[in-house]
There are 2 protein chains.
Amino acid sequence: MFTLAEENYLKAIFHLEHDSAGEVSTNAIAESMDTRPSSVTDMIQKLAEKKLLTYKRYKGVKLTKEGIKVAANVIRKHRLWEVFLVEKLNFHWDEVHEIAEQLEHIQSEELITRLDKFLGSPDFDPHGDPIPDKHGVLKRTEKRLLSEIEKNQQGVCVGVKESSAEFLQYLDKKKISIGTKISVLGKEFFDGSMIIQVGADQFFISKMVAENLFVQTL
Amino acid sequence: MFTLAEENYLKAIFHLEHDSAGEVSTNAIAESMDTRPSSVTDMIQKLAEKKLLTYKRYKGVKLTKEGIKVAANVIRKHRLWEVFLVEKLNFHWDEVHEIAEQLEHIQSEELITRLDKFLGSPDFDPHGDPIPDKHGVLKRTEKRLLSEIEKNQQGVCVGVKESSAEFLQYLDKKKISIGTKISVLGKEFFDGSMIIQVGADQFFISKMVAENLFVQTL
DNA sequence: TTTTATATTTAGGCAAGACTAAAAAAATAT
DNA sequence: ATATTTTTTTAGTCTTGCCTAAATATAAAA
Ligand SMILES: [Mn+2]
Ligand SMILES: [Mn+2]
Ligand SMILES: [Mn+2]
Ligand SMILES: [Mn+2]
């Protein structure tokens with residue numbers, strides 16, 4: 001139905017729309033996809049003709065209903081495959097993204113229906129990201145960044161914002177994963193760093209770490 | 001490492017080399033891939049430069065060691081994924097080929113290692129075709145076409161030569177699958193047709209059917 | 001052996017999806 | 001309000017993998 005390149009553009013635009021309101025700019029797409037703005041212009045003009053997004057020259061783009069549906073389906077596939085890789089093949093959560101980038105483009109409705117069932121229709125992927133249902137609807141949860149939590153409050157880790165292998169490996173070293181209980185013992189106003197407790201361990205984390213961990217307060 | 005198109009060419013040539021001895025002709029490749037001879041010439045020249053096959057103008061091609069390795073690995077992936085689809089996702093054996101055609105191109109050594117383990121390192125795919133090991137070596141078995149079996153002999157179905165959905169569905173209707181015991185009750189010399197027994201049922205099969213079923217004699 | 005038919009290759013082109021360089025529009029600064 | 005910078009688009013190219021049409025080599029027939 002859609003090419004690999006088209007699917008990747010739609011997915012990137014979908015994520016950008018969720019990161020900030022309003023139209024998505026050509027340069028933002030180019031940067032997020034590690035490609036050139038001129039290449040982006042080419043592609044968004046094609047996608048506009050196919051009614052997957054609306055585009056006015058110099059004014060950025062916005063996905064249409066159809067474009068959202070296609071993008072959400074690619075993301076659904078990506079996240080379901082990540083669950084498969086972790087739950088069934090015992091991959092670690094920092095190893096699955098690149099493989100899922102390929103698997104998300106496999107075309108077969110039936111395959112995804114059956115994979116979903118096989119996995120027990122999971123709601124979240126290994127990084128805590130919600131899996132869109134077959135209509136593209138995302139389950140909303142009230143999660144907050146750890147950086148927004150006050151001193152002496154506690155939360156359970158429910159996801160990561162950044163999911164680079166480096167960050168995930170850092171979390172492993174600190175024994176933090178989805179479901180881990182975190183207590184904020186101290187918070188430094190001037191640089192946003194924190195002292196937290198995880199299990200029996202107490203340690204320092206930077207603002208950068210706190211801003212990339214999602215928690216649910218208890 | 002290799003493009004999707006390159007992998008598909010290598011795979012097709014690999015199969016053609018196994019179907020008949022000697023060099024593989026441009027036209028044979030074109031026909032098996034449903035493409036034009038001129039396109040084949042283009043590609044085999046590229047593959048020859050990459051030392052994946054040897055090519056002399058007008059004389060056909062032959063895979064090198066490296067070419068065989070690459071092709072066998074694609075086939076290994078194809079067949080492992082077919083096992084996954086049938087064993088884990090409960091697809092029927094006539095539904096898996098098209099999806100495996102896509103999955104066979106996913107690039108990750110680790111993925112295949114783990115998938116293989118997850119599936120219990122199967123030796124054969126759902127159609128009875130052998131799965132190459134990680135070095136590209138195919139397990140040899142002495143299977144024969146049902147059409148070569150004499151009257152009053154018996155065999156166990158161990159594979160199909162053709163694995164089109166139509167043929168597989170015909171076999172289902174006749175309750176024949178891998179492992180099914182078949183007795184040859186009669187054989188018509190002039191058209192190669194047979195009367196066979198499967199379970200309690202006795203029925204007629206054409207030469208075409210008998211020539212596409214592999215059995216192992218008891 | 002010469003002619004005819006078939007197989008294969010070459011030449012030239014096209015679409016997708018990328019790129020660089022240059023032009024044009026929009027945003028910012030003076 | 002004008003000048004400068006930044007963003008975006010256009011123009012022109014490149015590579016991959018395909019195509020058609022024409023040329024050429026090989027195989028088959030006369
Ligand atoms: Mn991912
Ligand atoms: Mn994820
Ligand atoms: Mn197959
Ligand atoms: Mn098979």
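No experiment lies behind these values; they were computed from the predicted model shown. Below, chain A is the first sequence line, B the second, and so on; all start at residue 1.
Contacts of residues 46-63 of chain B with DNA chain C (heavy atom under 4.0 Å): B:Y55, B:R57, B:Y58.
Among the heavy atoms of the strands lying under 4.0 Å from B:T41 is at least one base atom, whether or not backbone atoms are also near.
In summary, the side chains of A:H127 and A:D129 do not present any donor paired with an acceptor at a separation below 3.5 Å, with no hydrogens or angles considered. Of the N and O atoms on the side chains of A:H135 and A:D133, not one donor lies less than 3.5 Å from an acceptor on the other residue. In the model, A:S25 has no side-chain atom that pairs as donor or acceptor with a side-chain atom of A:N27 under 3.5 Å.
For the OP1/OP2 pair of D:dT8 and a distance below 4.0 Å, the side-chain nitrogens and oxygens of A:N27 include at least one atom meeting the criterion. Contact between the side-chain N/O atoms of B:T35 and the OP1/OP2 oxygens of D:dC19 is found at a separation under 4.0 Å. Of the side-chain N and O atoms in A:S39, one or more sit less than 4.0 angstrom from OP1 or OP2 of C:dC19. Checking the phosphate oxygens (OP1, OP2) of C:dA7, no side-chain nitrogen or oxygen of B:S25 falls inside 4.0 Å.
You'll find the ring centres of A:H78 and A:H97 inside the 6.0 Å limit. Checked against the 6.0 Å centroid criterion, the rings of A:F84 and B:F84 qualify as a close aromatic pair.
When the P atom of C:dA18 is taken as reference, atom CD1 of A:I29 falls 13 Å away, rounded to whole Å. Rounded to whole Å, the distance from CD1 on A:I44 to C1' on D:dT8 is 9 Å. Atom pair B:E23:CD and D:dA27:P shows a separation of 12 Å (rounding to whole Å applied). Taking atom CZ on B:F2 and atom P on D:dG17, their separation rounds to 12 Å, with Å as the unit.
Side chain A:S38 to base C:dT20: a donor-acceptor pair is found below 3.5 Å.
Taking 4.0 Å as the cut-off between side-chain N and carboxylate O, A:K11 and A:E7 do not count as a salt-bridged pair.
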